Every structure is written in structure tokens, then in C-alpha cells.
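If you scroll down you'll find the structure; I have some questions about it.
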Amino acid sequence: MKRDRLMKINDLTWEIPEKYKNCMRVPGRMYLSEELVDIVEEDTYEQVANVACLPGIVKYSLAMPEAHLGYGFPIGGVAGIDIEDGVISPGGVGFDINCGVKTLKTNLTLEDVQGGVEELINRLFSNIPSGVGSESKLKLSHDELDYLLENGLDWALENGYAKQDDVIHCEEEGCITTADANKVSNKAKKRGLSQVGTLGSGNHFLEVQYVDEVIDQDTAEKFGLTKNQIIVMIHTGSRGFGHQVCTDYVKKLEKATKKYNIDIPDKQLACAPFDSKEGQDYFAAMACAANYAWVNRQVIASWVRDVFHNYYGQDTELETLYDVAHNIAKKETHTVNGEKKELIVHRKGATRAFGPNHKELPSSYQETGQPVMIPGNMGAPSYILRGTQFAMENTFGSTCHGAGRKMSRSQAKREYWGETVQKELSKQKIYVKATHGAVIAEEAPGAYKNPDKVVNVAHNLGISKKVVKLKPLGVAKG
DNA sequence: ATGTTC
């Protein structure tokens with residue numbers, strides 16, 4: 001990245017001045033270490049500046065420490081936009097609407113699973129469909145799907161896939177109530193009918209981990225986390241359903257951008273006034289995809305429970321720590337220049353990180369702030385952090401969602417061979433089971449930035465604070 | 001991310 005256009009605010013905060021582009025309404029703000037500044041692509045910097053041109057954006061166009069190139073908005077991008085005179089943009093949510101992480105904490109320890117991880121992962125792999133276009137054991141009728149889209153986790157509760165505790169420990173309690181299934185195309189619904197309870201492909205995974213290090217003892221206790229405890233992380237989203245919703249609405253909002261004479265520097269920032277018919281239709285359809293993803297992760301969690309119960313006994317506990325979205329636009333109230341404002345907060349490859357005493361958090365997390373899950377890569381640690389007041393004041397309550405790619409998928413496939421990567425991971429006692437070698441090559445640890453360095457920026461800055469460090473034992477991938 | 005090229 002060209003440093004001459006960046007203004008250094010402090011060691012971890014960099015600003016793109018408002019005057020960099022004529023259309024910018026606010027400055028850009030990127031949270032990066034010196035080292036990360038050097039590896040962020042020039043185009044990512046441009047994307048942060050472009051987002052600053054959107055009508056209604058307040059404070060800053062933000063980029064979290066993992067920032068890299070995305071569709072229109074950067075991955076790791078956060079934008080708070082005034083709902084009264086601002087826009088909503090599908091590019092600020094991403095194609096995989098409500099891609100996110102659900103974390104289950106077990107009552108098993110490292111000792112309990114030693115020697116059995118390979119068998120456990122194989123069982124998880126064969127019980128939870130994965131891969132591109134994978135189909136579920138669960139087939140829904142059109143009416144059932146419509147109900148699921150508008151009711152989210154309540155559908156899972158009523159159909160025996162969830163407990164009340166799962167609903168409480170899920171962002172938004174697993175349902176954006178303004179979802180309207182009439183705003184979703186039949187094409188999207190057709191793709192969605194057979195994919196509830198499927199993992200998908202790419203960076204999606206199901207990982208068995210253990211708590212390697214307790215960093216914040218007090219919060220770890222409140223989260224119910226202890227050293228050597230076995231943890232399961234589920235990373236997936238709304239599959240072909242959400243992808244189709246995004247595709248449909250990018251086209252509709254490209255037209256709306258022209259209709260409402262909105263001047264944008266990049267076609268991929270297609271948007272509509274939040275308050276317009278097009279904006280509200282997208283928001284109602286996006287909510288359906290968000291609800292779909294919460295149900296998807298919950299159904300997978302339910303099958304994960306079945307596998308553990310069969311393998312380790314019926315009394316094995318797998319409680320939800322939390323389920324959090326990292327590709328979503330949410331209606332939230334934040335303080336802007338001393339005034340409370342209703343915003344549509346776009347988080348794209350960014351995790352919500354609400355701090356203590358936030359009314360939207362369950363009572364169990366009022367004191368600590370919400371749990372934040374940041375996966376690393378197949379061969380590296382993941383972290384559980386907590387949300388902070390600093391995040392509320394500086395990032396609309398957001399932090400990074402992962403380490404961020406360092407290499408494109410195609411480049412990774414040129415650099416790595418799946419089976420070689422698998423063998424190297426095996427030497428580190430990490431068992432990987434995938435549909436084919438290409439996915440392992442694309443997801444090779446070397447294709448990602450060092451997660452410790454990215455998480456440390458978030459931690460040192462204070463937009464989330466480390467609670468425990470997790471190490472992978474085995475992973476099932478699509 | 002994605003029935004990986006409308």
C-alpha cells in the first residue's frame with residue numbers, strides 16, 4: 001500500500017483523508033499494524049475510500065485489521081449509515097449473507113478425545129453434508145421454507161433441532177423479525193429447499209478444538225471455558241440461498257442506484273436509499289437469508305450433538321457459547337457526535353463485538369460483553385474474545401472475523417498441493433478430512449495472514465479482548 | 001462465498 005496517502009493516527013490506526021477523493025463524505029479509517037500496512041493491497045485502500053462516498057455514511061469508512069479485497073466493499077469493512085438519509089448496499093453484506101460462526105462448548109477434555117479424533121471427524125464428515133452443491137438429509141416444503149425464513153431459530157426450536165438455550169445464545173436470538181419471504185425470488189427458494197443443514201465449501205468448516213491457553217481467567221469462567229476443554233466451531237452461512245438473494249438484489253439495486261441518481265465510484269457499491277421500496281425489499285430479503293443461516297448452523301449443531309452422543313455417550317454436553325454473524329447489515333443505535341442515531345451498520349467480514357451492558361445481549365453476557373469468535377486457519381490457533389466499550393465508541397461495536405487471506409484461491413492452488421498440506425498438518429497432529437484436495441490447497445495455512453498478528457491488533461487496540469486461545473485437533477471441510 | 005461461466 002502507498003503509505004504517502006495514509007495519515008498515521010497512532011501505531012494501529014491509519015486514516016485516509018476525506019480529501020483523497022472528491023466524493024468522500026467521511027475519512028477512511030484502517031486498523032493495522034505497521035507490518036499489516038505493507039501487505040494490504042492498493043485496491044483495498046481504494047475500496048475503503050469508495051465506501052466513504054456512500055450517502056448517509058457517518059464517522060468513518062472502517063476497515064478491520066484483516067482488511068483485504070472484496071466485492072465493492074473490502075472484507076473486514078464496516079460502515080454505519082444513517083437510516084433516515086442514507087443507503088443500504090448488498091456489497092456491504094457480501095454474497096454469503098450471515099456467514100458466521102457458532103461455537104459449542106463441551107464437557108469433554110483433551111484427554112477424553114485423545115486417540116479418537118480421526119474417527120470423530122470422519123463421523124462428523126459423513127453426518128453433515130459438505131461441498132459445493134451438497135444436499136441435506138432434510139428436505140423442506142415451500143411452506144415450511146417460508147415459515148423458516150420469517151421465523152429463524154423458532155423453526156428449529158419447534159422442529160426439535162434447538163433448545164431454548166441455543167436461541168438465547170444466538171445473535172438476534174436467531175431471527176430478524178422484519179424478514180419477508182415474499183421479497184425472495186422463487187429461484188432463491190428453490191436453491192434453499194435442500195440446503196438447510198449443509199456446510200458448503202471454501203473457508204467453511206467444522207472444527208474440533210481444545211482450549212490451549214486461558215488468557216482472561218475471569219471472563220473465561222463466566223463464558224464457561226477451561227483449559228483443555230473440547231470446543232466445536234461451525235463456520236458456514238446461507239449457502240446457495242443467500243448467494244441467490246444477493247445476486248438478485250445486486251441487479252435490482254444497480255437499477256435503483258440510477259433511478260435515485262446516487263453517485264457511486266464503483267458499480268459494485270450498488271445501493272438504494274434505506275427508506276426506499278428497493279432498499280426495504282433488499283433488507284427484508286437479506287433478513288430471510290440471515291434467518292436461513294442461523295437455522296443452518298443450528299441444524300448442523302444438532303447433528304454434531306448426535307455424533308458426539310453416539311460416540312462419547314448420551315450424557316455428553318454441547319452447549320452453545322454463542323452464534324455470531326460476520327456478513328450482515330443490522331439496524332442499530334449508536335452515538336454519533338454525542339447524539340444517538342439509528343444506523344444501518346454494514347459488517348462484511350467483520351464480527352459484531354458489543355461491549356458490556358448492551359441491551360441486545362443476553363443476561364449471561366451483560367457483565368463481560370459478548371463472546372467474539374475469530375477462527376485462524378486449519379493449522380493455526382483460533383481465539384475467543386469479548387466485545388468492548390471501546391468497540392462501541394470506535395467501530396460501531398465491531399471487530400475482525402478472521403485472519404484474512406494473503407493469497408487468492410487460484411494462487412493458493414498454484415502454490416500448494418492438497419495432499420502435501422494434509423500430510424504437513426498431520427505431522428502437527430491436526431487431522432483434515434475434505435471432499436477433495438483442491439479445497440485443502442485453497443485453504444492452506446500459508447494462504448492466510450498470520451492470525452496471531454491480526455488478532456493482536458484487535459486486542460491491543462481494544463476493539464475486542466482475548467479470552468482464550470484454541471488449537472485445532474481435526475477439521476471437516478467441503 | 002457460489003448448481004465455481006448470464
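Throughout, a chain's letter reflects where its sequence line sits, starting with A, and its residues are numbered from 1. All values reported here derive from a predicted model rather than from experimental measurement.
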Open item on the list: When you measure from the centre of the six-membered ring of A/Phe354, is the NZ or CZ of A/Arg352 closer than 6.0 Å and no more than 45° off the axis?
Closed with: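 Positive - A/Arg352 is close enough to the ring of A/Phe354 and near enough to its axis.
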TODO: Whole angstrom is fine here: how far is it from OH in A/Tyr71 over to P in B/dT4?
DONE: 17 Å
Task: All pairs passing side-chain hydrogen bond (donor to acceptor under 3.5 Å, both in side chains) where residues 124-133 of chain A contributes a residue, at least two apart - done: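 Passing the test, one end in residues 124-133 of chain A: no pairs.
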Task: Over 12 non-hydrogen atoms of neighbours within 6.0 angstrom of NZ in A/Lys258 - done: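 Counting other residues, nucleotides and ligands, NZ of A/Lys258 stays at 12 neighbours or fewer.
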Could you pull out all donor-acceptor pairs under 3.5 Å where a side-chain atom in residues 409-416 of chain A meets a protein atom, sequence neighbours excluded?
{"unit_1": "A/Arg409", "atom_1": "NH1", "unit_2": "A/Glu442", "atom_2": "OE1", "d": "3.1"}
{"unit_1": "A/Arg409", "atom_1": "NH1", "unit_2": "A/Glu443", "atom_2": "OE2", "d": "2.9"}
{"unit_1": "A/Arg409", "atom_1": "NH2", "unit_2": "A/Glu443", "atom_2": "OE2", "d": "3.4"}
{"unit_1": "A/Ser410", "atom_1": "OG", "unit_2": "A/Ser408", "atom_2": "OG", "d": "3.2"}
{"unit_1": "A/Lys413", "atom_1": "NZ", "unit_2": "A/Glu442", "atom_2": "OE2", "d": "3.0"}

- [ ] Could you tell me whether the phosphate oxygens of B/dT2, OP1 or OP2, come under 4.0 Å of any side-chain nitrogen or oxygen in A/Arg239?
- [x] yes
- [ ] Would you kindly give the NZ-to-P distance between A/Lys252 and B/dC6, to the nearest whole Å?
- [x] 19 Å
- [ ] Let me know the distance between CG of A/Asp248 and C1' of B/dC6, rounded to the nearest Å.
- [x]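 About 13 Å, once rounded to whole Å.
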Open item on the list: Base, sugar-phosphate or nothing for A/Ser201? Non-hydrogen atoms, less than 4.0 Å.
Closed with: sugar-phosphate
Open item on the list: By nearest heavy atom, map A/Lys413 and A/Glu443 onto DNA chain B; which one lands nearer the 5' end?
Closed with: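 Checking each residue's closest nucleotide, the 5'-ward one belongs to A/Glu443.
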Task: Nearest-angstrom distance from the residue atom CD of A/Gln244 to P of B/dC6 - done: 10 Å
TODO: In whole angstrom, give the distance that lies between atom NZ of A/Lys251 and atom P of B/dC6.
DONE: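 Between P of B/dC6 and NZ of A/Lys251: 9 Å.
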Task: A/Phe95 CZ to B/dT2 P, straight-line distance once rounded to whole Å - done: 12 Å
Open item on the list: Students often get this wrong, so: under 4.0 angstrom with heavy atoms, is A/Gln195 touching a base, only sugar-phosphate, or nothing?
Closed with: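 Result for A/Gln195 = sugar-phosphate.
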- [ ] Grab the CG-P distance between A/Asn296 and B/dT2 for me, whole Å please.
- [x]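 Atom CG in A/Asn296 sits about 10 Å away from atom P in B/dT2.
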